[in-house]
Protein chains: 2
Amino acid sequence: MVTVPRWPEDSRSRLVDAAMSLFGEHGYSGTTVDEIAARAGVTARTFFRHFADKEEVLFADDDTLLPGLLASIAAAPGPIAADALMLHALTTLAAVMQPQRPALVARQRIIDTDVSLTGRELAKQARWQQGVTATLIERGFDPDEAEILSAIGFAIFVRALHAWLADDDGPDLADRIRDALPRARTVLDAVSAR
Amino acid sequence: MVTVPRWPEDSRSRLVDAAMSLFGEHGYSGTTVDEIAARAGVTARTFFRHFADKEEVLFADDDTLLPGLLASIAAAPGPIAADALMLHALTTLAAVMQPQRPALVARQRIIDTDVSLTGRELAKQARWQQGVTATLIERGFDPDEAEILSAIGFAIFVRALHAWLADDDGPDLADRIRDALPRARTVLDAVSAR
DNA sequence: GCACTCATGACAGTTCATGACATCACTCGT
DNA sequence: ACGAGTGATGTCATGAACTGTCATGAGTGC
């Protein structure tokens with residue numbers, strides 16, 4: 001019956017699954033690419049054809065979310081206040097991430113164990129932030145203001161994201177973001193008032 | 001004769017100098033640790049005794065600045081508004097960095113060529129931000145507010161830092177930070193006003 | 001069918017990183 | 001003085017992360 005591996009059979013997703021489970025069992029640095037490839041039934045060379053490096057297997061899926069985020073900013077209707085636009089974009093993103101929570105929790109737990117993974121995550125966030133800034137500018141916002149706004153928006157989003165992933169029971173991600181914005185506004189009012 | 005390399009002669013700083021010049025000549029990834037060690041007159045094994053990895057040679061000095069930053073926050077006199085405290089701390093840090101501009105420009109140029117270096121820089125910034133947040137909390141600020149404040153402070157600082165490094169002629173770093181704070185406040189007022 | 005593409009395997013080679021052990025100059029207590 | 005540390009370094013060996021190149025074999029289109 002030789003279950004002839006007739007066709008690629010989606011090596012890529014098998015590699016992701018193998019990597020996630022092995023990272024969970026032996027930790028990120030305790031897992032070799034050879035082991036991941038072996039569990040996925042391919043060779044290490046094939047791993048590097050799908051992912052530029054060992055870290056990328058944890059981040060490759062992220063890039064599928066960015067276009068949607070930018071589109072939700074670009075497509076938001078008519079003239080709109082900056083903070084309303086940001087809230088709209090971030091809660092839309094949150095809605096996409098919500099059902100993936102279990103996978104995201106596992107992923108975050110791995111990332112938090114390794115400094116270089118943390119750096120990679122932050123670099124990716126920085127690229128997202130640049131994309132958001134550019135899209136805001138395209139919508140006519142002042143460049144400097146767009147940069148500051150997206151910086152604050154991401155600071156709030158990341159805070160809410162980490163809290164959401166850490167609390168097993170608690171509000172949805174979108175609700176956390178909705179709650180965080182007025183709270184941040186209160187803080188900023190205090191600063192502005194001097 | 002035999003100019004006996006009598007003694008260590010500060011291998012570490014020679015390694016840093018060798019690394020910086022080689023990175024400038026052949027780029028970061030185009031330079032091997034063996035080459036750096038050879039130019040510094042030591043072996044690669046010695047390189048790794050001074051620096052945990054190849055990247056660290058670019059970041060090791062950073063850690064000498066953090067204690068001063070935290071001290072300037074902890075030691076600022078009496079009751080003080082959050083934004084004034086942040087301005088005080090960041091301009092103090094800026095004064096320390098100002099004379100090192102040429103070296104920092106070269107370093108930044110190298111970091112910007114490599115994603116993993118960018119990530120490492122951001123991870124280091126994140127650690128600094130956590131330290132600032134903790135120090136603000138120790139001074140009695142509300143934890144959530146401290147986190148948001150340091151996030152905004154770092155966003156402003158990093159913006160100013162990159163602009164300062166990019167403009168060969170222009171205001172000092174401290175002046176840029178002083179100018180940026182009211183500008184950010186204006187933006188935030190606009191958001192808060194909705 | 002026949003050429004073509006594309007994912008993969010196979011295999012060698014480079015670089016980074018680290019552990020084990022030896023060496024050599026200098027310091028310090030006696 | 002002198003012998004036991006101490007610390008920075010070198011040498012050797014090894015593992016793991018990549019990288020280049022060529023071969024193969026299944027599907028695809030004409």
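Please read all numbers here as calculations on a predicted model, not as lab measurements. Proteins come first, then strands; the chains are lettered A, B, ... in the order of their sequence lines, and each starts at number 1.
At a threshold of 4.0 angstrom between heavy atoms, the contacts of B/Ser29 with the nucleic acid are absent. Using a 4.0 Å heavy-atom cutoff across all strands shown, B/Ala52 reaches sugar-phosphate atoms only and no base atom. As judged by a 4.0 angstrom heavy-atom cut-off over every strand, A/Gly41 is placed among residues touching the sugar-phosphate backbone only.
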With salt bridge (charged side-chain N to carboxylate O under 4.0 Å, His left out) as the criterion, how do A/Asp168 and A/Arg101 come out once you've worked through the C-alpha distance, each side chain's angles and the decisive distance to 0.1 Å?
CA-CA 10 Å; A/Asp168 272 346; A/Arg101 185 173 183 279; 3.4 Å; yes
Could you walk me through whether A/Arg39 and A/Ser21 pass the side-chain hydrogen bond (donor to acceptor under 3.5 Å, both in side chains) check?
CA-CA 10 Å; A/Arg39 181 168 294 191; A/Ser21 58; 3.2 Å; yes
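One atom, NZ of A/Lys54, and another, P of D/dT19, lie 15 Å apart when rounded to the nearest Å. In this structure, B/Leu15 atom CG and D/dA8 atom P are separated by 14 Å, rounded to whole Å. Rounded to whole Å, atom C1' of C/dC16 lies 15 Å from atom CG of B/Leu58. In this structure, OH of B/Tyr28 is placed 12 Å from P of D/dC18, rounded to the nearest angstrom. As a whole-Å value, the separation of A/Asp34 CG from D/dC18 P is 12 Å. Summarising the geometry, the separation between CD on A/Glu55 and P on C/dC16 is reported as 16 Å, rounded to the nearest angstrom. One can place CD of A/Glu56 at 17 Å from C1' of D/dT19, the figure rounded to the nearest angstrom. Note: CZ (A/Arg49) to P (D/dT21) measures 13 Å, nearest angstrom.
For the pair B/Ile110 and B/Leu117, the tightest heavy-atom approach, listed with the atom from each and the gap, is O-CD1, 3.9 Å. Nearest heavy atom pair, residue A/Ser11 against residue A/His50, reads CB-NE2, 4.0 Å.
For A/Thr32, no side-chain nitrogen or oxygen approaches OP1 or OP2 of D/dG15 to under 4.0 Å. Between B/His50 and D/dA8 there is no side-chain polar atom (N or O) within less than 4.0 angstrom of OP1 or OP2. Of the side-chain N and O atoms in B/Thr46, none sit less than 4.0 angstrom from OP1 or OP2 of D/dA8.
Listed nucleotides C/dC16, D/dC18, D/dG10 differ in distance to B/Thr43; the shortest reach to its side chain belongs to D/dG10. Relative to the side chain of B/Ser11, the nucleotides D/dT9, D/dA17, D/dC18 differ in distance, and D/dT9 lies closest.
The base of D/dG20 sits within donor-acceptor range of the side chain of A/Arg45, with an N or O pair under 3.5 Å.
Taking the six-membered ring for Trp and thresholds of 30 and 60 degrees, B/Phe47 and B/Phe51 have ring planes inclined between 30 and 60 degrees apart.
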